[in-house]
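Notes follow once the structure below has been shown.
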Amino acid sequence: MSETKYIFVTGGVVSSIGKGTSAAAMGMLLKSRGYQVVLQKFDPYINVDPGTMNPYQHGEVFVTEDGAETDLDLGHYERFLDENLGKLSNVTTGNVYWEVISRERRGDYLGATVQVIPHITNEIKNRIGRLGQDKDIVITEIGGTVGDIESLPFLEAIRQFRNDVGRGNVLYVHVSYVPFIEAAGELKTKPTQHSAQRLREIGISPDILICRADRPIGEDIRKKIALFADTELASVIPAEDAPNLYAIPLSLHDEGLDELALVKLGLPAPPADLTEWYDLVSRMLGAEEMVKVAIIGKYIKLQDAYLSVVEALGHAGGAHGRRVELDWVDSEMLTDRESVVQRLADADGVLVLPGFGHRGAEGKIGAARYARETGTPYLGLCLGMQIEVVEFARNVAGLEMANSTEFEQDTPHPVIDIMPDQVGVDMGGTMRLGRWPCRISPGTLAADVYDAELVYERHRHRYEVNNRYRDALEEAGMVFSGTSPDGRLVEIAELKDHPFFIGSQFHPEFKSRPLHPHPLFYGFVGACAGTPKGAPPEPVRRAEEQAAS
Ligand code: GLN
């Protein structure tokens with residue numbers, strides 16, 4: 001392939017209409033036709049990254065292999081593309097300005113007045129170009145909706161980009177919403193007309209429109225949109241609500257999106273190989289038997305805050321042919337033993353979510369105790385592993401009032417404590433982040449589910465198991481079945497004499513893919529379903545890990 005092609009995805013009308021999944025689905029479809037594709041997200045906010053933002057407003061902070069704290073759309077990208085992305089795939093106004101201002105202070109622009117155009121726009125274009133170096137197609141999604149003040153420099157940059165790399169190498173895709181108005185009994189195109197118009201005022205004419213709606217969009221409506229958006233009928237792709245997230249690319253494919261994009265970019269359109277995806281979706285939709293997982297967290301109202309966890313459970317469910325029903329449990333409601341038993345009695349499994357801060361900790365500890373004592377499968381994710389250690393220390397190892405210093409500074413037994421290199425650091429981007437190796441002890445549940453000796457997992461934490469208590473906890477029966485290769489950091493803690501009780505200091509949810517469910521989730525859902533535990537039938541580890549183990 002000689003020249004890299006660029007697809008820019010903008011959004012209109014309202015947010016949350018699935019712009020990110022549309023971009024991700026398009027990436028997956030183009031990859032299925034043999035192209036090397038990479039995805040990128042531009043976020044117009046001033047934060048340097050979303051790491052310091054409240055996930056209950058903004059949704060999950062997704063962590064990449066190279067330790068970037070990124071927008072949750074990168075999770076969609078990785079899951080659909082089935083590839084790892086890195087730092088360069090998430091660009092914010094904050095990190096663009098950071099770079100330009102640092103350069104200004106170094107004196108790189110001596111004599112010049114530093115301005116949005118060209119300095120900021122050049123830096124944005126530079127981020128697009130760098131990503132495209134060894135790829136056939138770069139898909140860049142611009143966060144927010146057209147008309148937001150914050151996104152203007154990004155839109156200006158992508159407008160200029162077409163002239164820089166040649167018209168035939170760029171495609172503008174606009175994802176819009178076509179609402180059904182009950183009183184009129186029809187779908188309305190006006191909001192889409194307006195957002196396409198807004199784009200044109202900036203100098204961008206959409207080449208393809210993806211129109212989201214809660215029902216089929218008839219040809220008359222599509223014609224109207226085409227007319228106002230200054231494009232042809234075939235370029236207006238209807239995207240009705242899909243029965244399952246992973247069915248989205250399949251319906252976009254049926255509507256001809258990938259073929260159209262390739263034709264417009266002047267690329268050959270070899271057939272798409274989607275067999276595995278069709279199988280996956282029919283397995284997921286066809287699953288009748290159900291397992292019920294109680295998901296314990298502090299704020300559970302915005303479930304997007306735990307998007308990757310939800311997806312990972314779905315992937316594992318799909319592989320087991322089970323529908324996973326999620327029962328969201330607010331840990332602050334688990335105030336005593338009785339409320340725990342009552343609330344969790346019909347759960348097939350208990351999962352304690354990642355989290356920060358002391359609120360709701362006692363309820364989570366109660367849930368871990370319930371799972372341990374009743375033989376209910378337990379999966380602890382990051383904070384969920386720390387909770388499991390605190391519970392075990394208090395109620396089995398006899399370390400009365402043991403706690404994490406994150407919850408209680410003056411606990412007599414700080415079984416979870418802040419990592420020495422985390423004391424007094426700034427809050428942004430300074431946790432233990434990204435990919436680190438973990439050595440698995442043979443003969444353990446971890447070894448059983450992973451079927452590997454060395455794995456690489458993604459991290460995002462400041463606290464860890466306090467090594468001073470490791471012997472006492474092990475003597476009482478806790479097994480530290482995964483550690484850093486030097487043995488210094490506990491990565492996995494599990495229990496003997498329990499059907500399935502395990503927690504990880506890392507976040508396995510970030511590495512689960514629809515076609516490759518994560519071993520821990522696969523094992524957990526299998527245990528919830530009562531099927532024999534063990535390694536999944538499909539290879540679930542990435543190639544680099546297989547090479548390393
Ligand atoms: N608050 C805990 C820590 O910082 C756990 C973090 C998490 O669950 N991501 O170590």
Side-chain angles (χ1 to χ4, degrees), residues 55 293-300 305-306 309 327-337 339-341 343-344 347 349-397 399-409 411 413-419 431 445-446 459-466 469-470 472-473 476-482 489-495 498 500-509 520-521 524:
V293 175
I295 306 205
I296 324 288
K298 174 171 59 161
Y299 301 110
I300 46 164
Y306 309 105
V309 176
D327 181 14
W328 296 89
V329 178
D330 177 353
S331 58
E332 287 190 291
M333 298 295 157
L334 305 177
T335 47
D336 54 17
R337 243 174 123 67
S339 57
V340 174
V341 174
R343 192 66 186 76
L344 301 184
V350 171
L351 184 152
V352 176
L353 290 165
F356 294 85
H358 71 278
R359 266 184 65 186
E362 290 303 319
K364 294 175 194 171
I365 292 168
R369 178 173 192 173
Y370 169 88
R372 178 176 58 76
E373 290 179 344
T374 57
T376 308
Y378 178 92
L379 182 61
L381 304 176
C382 203
L383 185 78
M385 183 210 80
Q386 299 173 355
I387 290 284
E388 139 196 351
V389 172
V390 170
E391 190 281 319
F392 186 84
R394 284 185 195 174
N395 301 318
V396 181
L399 299 165
E400 224 174 294
M401 291 165 66
N403 217 335
S404 161
T405 52
E406 184 179 15
F407 311 150
E408 190 191 353
Q409 195 57 54
T411 168
H413 295 297
V415 288
I416 304 291
D417 201 5
I418 194 154
M419 304 166 76
M431 281 185 262
L445 174 61
H459 298 71
R460 183 171 186 252
H461 66 116
R462 286 188 206 286
Y463 292 79
E464 61 174 323
V465 172
N466 185 340
Y469 288 93
R470 264 165 77 171
L473 292 164
M478 180 156 259
V479 180
F480 297 120
S481 52
L489 286 172
V490 169
E491 292 278 12
I492 306 178
E494 62 182 65
L495 292 184
H498 188 288
F500 191 100
F501 196 105
I502 196 162
S504 66
Q505 185 57 79
F506 49 80
H507 292 261
E509 68 273 23
L520 281 171
F521 281 90
F524 174 64

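For Q505 (side chain) and E464 (main-chain N/O), no donor-acceptor pair under 3.5 Å exists by modelled atom type. Side-chain N or O atoms of D417 include none that pairs as donor or acceptor with a backbone N or O of N466 at under 3.5 Å. Side-chain atoms of S481 never come within 3.5 Å of backbone atoms of A493 as a donor-acceptor pair (strictly under, hydrogens ignored). No donor-acceptor distance shorter than 3.5 angstrom exists from the side chain of E408 to the backbone of N403, with no hydrogens or angles considered.
Between R369 atom CZ and N395 atom CG the span is 4.0 Å, to the nearest 0.5 Å. In this structure, OG1 on T376 lies 4.5 Å from OH on Y370, to the nearest 0.5 angstrom. The distance from atom CG of L351 to atom CD1 of I295, rounded to the nearest 0.5 Å, is 5.5 Å. For the atom pair Y463 OH and T405 OG1, the distance stands at 5.0 Å (nearest 0.5 Å). In this structure, L353 CG and H507 NE2 are separated by 10.5 Å, a value rounded to the nearest 0.5 Å. Here the straight-line distance linking atom OG of S504 with atom CE of M385 works out to 8.0 Å at 0.5 Å rounding.
Annotation: side chain of R343 is not in contact with side chain of M333 (no heavy-atom distance under 4.5 Å). Taking the side chain as every heavy atom from C-beta outward, F524 and I502 never approach each other to under 4.5 Å. L383 is not listed as a side-chain neighbour of V352, based on a closest heavy-atom distance of 4.5 Å or more. The side-chain heavy atoms of M419 and H461, taken from C-beta on, include a pair separated by under 4.5 Å. Contact check for M478 versus E388: side-chain heavy atoms found under the 4.5 Å cut-off. Using a 4.5 Å heavy-atom threshold, the side chains of Y306 and L381 count as separate. Between M431 and F356 the shortest side-chain heavy-atom distance falls below 4.5 Å. Looking only at side-chain heavy atoms (C-beta outward), V490 and R470 come within less than 4.5 Å of each other.
For the residue pair A446 and I492, the shortest heavy atom distance occurs at CB-CD1, 4.0 Å. When all heavy atoms are compared, the tightest approach of E391 to I365 is CG-O, 3.5 Å. Taking all atoms of both residues into account, the shortest heavy-atom contact from I387 to A361 is CD1-O, 4.0 Å. The two residues A397 and A472 make their nearest non-hydrogen contact at CB-O, 4.4 Å. The shortest heavy-atom contact between H413 and E400 is CD2-O, 3.2 Å. Of all non-hydrogen atoms in L520 and F500, the two that sit nearest each other are O-CZ, 3.9 Å.
For E509 and R460, the salt-bridge test fails: no basic side-chain N is under 4.0 Å from an acidic carboxylate O.
Side chain to side chain, Q386 and S404 fail the donor-acceptor criterion of an N or O pair below 3.5 Å.
Taking R337 as the reference, E373 meet the side-chain hydrogen bond (donor to acceptor under 3.5 Å, both in side chains) condition, with sequence neighbours excluded. Listed by chain and residue number, Y378, H498 satisfy the ring-ring contact (aromatic ring centres under 6.0 Å, His included) test with F501 (two or more places apart in sequence, or in another chain).
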Self-check item: Pair F480-L473, side chain to side chain contact (heavy atoms under 4.5 Å, CB included): steps then yes or no
Solution: CA-CA 9 Å; F480 297 120; L473 292 164; 3.9 Å; yes
